[in-house]
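In what follows, every heavy atom counts, from backbone to side chain, and hydrogens, waters and symmetry copies are set aside.
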Amino acid sequence: VQAVSFDFFHSSLSPYGEWIDLQDGVTAWRPNSISPDWKPYSIGRWNWTNNGWYWDSDEPFGWATYHYGRWYNDDSYGWIWIPDYDWGPSWVEWRYDNDYIGWAPLPPYASFNSNLGIRFSLRWHSHYRYWNFVDYGHFGDSHINHFFMDARGVSRFFDHTKYRTNYYSDRDRIINGGIDRSFIERRGGF
């Protein structure tokens with residue numbers, strides 16, 4: 001994977017959103033032309049690869065924002081992306097039960113350590129509104145967002161799911177093992 005710099009992110013993403021200077025010298029990017037109920041990792045599809053669960057985005061900024069850095073839902077700005085320079089197939093946390101699988105973007109407080117996997121720098125629990133859930137049969141759909149559970153359903157369902165992060169290193173590659181592929185295939189019937 002090619003090394004990237006802040007300047008490269010800045011010039012490549014500027015046509016698709018705005019850069020915002022936050023407190024403490026943190027610079028974030030916010031996409032433009034998105035719907036009010038938009039969430040990261042919603043316009044695209046999941047693919048299993050040699051790097052685990054890879055998010056294949058249909059958005060022109062997805063090559064950067066879903067494979068480098070982390071997302072945060074800011075009270076003032078909405079969803080903002082904080083750059084980071086480690087490439088991953090996707091940066092999400094997972095929840096599941098026997099019928100549905102869900103994912104939410106990892107926050108900037110999450111970092112990858114090759115010996116430990118994902119670690120949080122502070123106590124973190126993603127709010128249920130940050131999550132997308134689909135039944136296993138639609139997990140591989142190219143228009144996965146058409147099959148998301150509605151917000152009311154997620155609020156009732158969320159606490160009955162199991163939590164999972166499964167990031168590890170394989171010869172300097174970051175792998176998102178997520179929920180076991182064979183379990184998803186069995187549950188989804190594909």
Side-chain angles (χ1 to χ4, degrees), residues 6 9-10 12-46 53-96 100-112 117-134 144-167 176 178-179:
F6 179 81
F9 286 142
H10 192 277
S12 299
L13 297 178
S14 288
Y16 308 109
E18 67 176 314
W19 288 94
I20 303 163
D21 290 324
L22 304 173
Q23 63 187 10
D24 300 325
V26 174
T27 301
W29 177 82
R30 176 173 67 170
N32 58 23
S33 302
I34 56 172
S35 71
D37 60 345
W38 177 90
K39 290 183 268 192
Y41 295 96
S42 59
I43 311 296
R45 68 180 298 163
W46 288 105
W53 291 111
Y54 175 89
W55 181 252
D56 185 9
S57 175
D58 292 337
E59 297 160 308
F61 50 81
W63 66 270
T65 62
Y66 300 126
H67 303 291
Y68 299 91
R70 310 289 185 273
W71 287 91
Y72 180 74
N73 194 358
D74 184 82
D75 292 337
S76 299
Y77 297 108
W79 283 105
I80 56 175
W81 177 75
I82 311 292
D84 186 63
Y85 305 100
D86 289 329
W87 184 91
S90 58
W91 294 106
V92 299
E93 47 192 342
W94 300 91
R95 292 188 83 88
Y96 68 103
Y100 290 89
I101 184 169
W103 60 95
L106 283 168
Y109 316 115
S111 62
F112 177 77
I118 294 294
R119 292 294 173 256
F120 294 89
S121 62
L122 55 80
R123 188 178 172 108
W124 175 258
H125 296 285
S126 294
H127 195 278
Y128 74 84
R129 290 187 318 258
Y130 300 174
W131 290 78
N132 294 315
F133 281 94
V134 296
I144 198 167
N145 58 310
H146 295 200
F147 304 101
F148 287 163
M149 182 183 291
D150 67 34
R152 190 172 345 119
V154 171
S155 72
R156 289 191 309 260
F157 167 79
F158 185 80
D159 289 334
H160 303 289
T161 59
K162 298 174 194 166
Y163 181 80
R164 176 108 166 131
T165 60
N166 183 19
Y167 287 84
N176 178 352
I179 309 302

Is any side-chain heavy atom of [X] less than 4.5 Å from a side-chain heavy atom of [Y]?
X	Y	result
Phe133	Phe157	yes
Tyr128	Asp159	no
Ile144	Trp46	yes
Phe61	Tyr66	yes

[atom1]/[X] to [atom2]/[Y] distance, rounded to the nearest 0.5 angstrom?
X	Y	atom1	atom2	value
Ser12	Trp29	OG	CH2	11.0 Å
Asn145	Ile43	CG	CD1	4.0 Å
Ile101	Ile179	CD1	CD1	5.0 Å
Phe9	Ser14	CZ	OG	12.5 Å

Exercise. When the ring planes of His10 and Phe6 are compared, do they come out parallel, tilted or perpendicular, using 30° and 60° as the limits?
Worked result: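 It falls in the tilted class, 30° to 60°.
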
Problem set entry | Tyr109 and Trp124 aromatic ring geometry - parallel, tilted or perpendicular at 30°/60° bounds |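 Tilted.
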
[X] versus [Y], closest heavy-atom pair with distance:
X	Y	value
Lys39	Arg129	CD-O, 3.3 Å
Leu22	Ala28	CD1-CB, 3.8 Å
Val154	Met149	N-SD, 3.5 Å
Asn73	Tyr130	ND2-CE2, 3.4 Å
Pro105	Trp71	CB-CB, 3.7 Å
Tyr41	Asn132	O-ND2, 3.3 Å

For the pair [X] (side chain) and [Y] (backbone), establish whether a donor and an acceptor sit closer than 3.5 Å, ignoring hydrogens and angles.
X	Y	answer
His67	Tyr54	no
Asp24	Val26	no
Arg70	Ala110	yes
Arg119	Ser111	no

Exercise. Take atom CZ in Phe112; do more than 12 heavy atoms of anything else shown fall under 6.0 Å from it?
Worked result: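 Enclosed.
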
For this session: Using the ring of Phe158 (Phe, Tyr or Trp, six-membered ring only), decide whether Arg95 places NZ or CZ under 6.0 Å from its centre and within 45 degrees of its axis.
Result: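 Output yes; distance and angle both within limits.
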
For this session: Tell me, please, which residues at least two apart from Asn32 pass side chain to side chain donor-acceptor pair (under 3.5 Å).
Result: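 Scan of Asn32 (side chain to side chain donor-acceptor pair (under 3.5 Å), adjacent residues dropped) gives none.
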
Exercise. Does the ring center of Trp103 lie less than 6.0 Å from the ring center of Trp53?
Worked result: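 Between Trp103 and Trp53, the centre distance exceeds or equals 6.0 Å.
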
Exercise. Under 6.0 Å between ring centres, would you say that holds for Trp91 and Tyr167?
Worked result: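 Yes, the ring centres sit under 6.0 Å apart.
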
In residues 75-83, what donor-acceptor pairs under 3.5 Å come from side-chain atoms, sequence neighbours left out?
| from | atom 1 | to | atom 2 | distance (Å) |
| --- | --- | --- | --- | --- |
| Trp81 | NE1 | Thr65 | O | 3.4 |
| Trp81 | NE1 | Tyr68 | O | 2.7 |

Problem set entry | Trp94 and Asn176: side chain donor to acceptor below 3.5 Å |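 Yes, side-chain donor-acceptor contact under 3.5 Å.
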
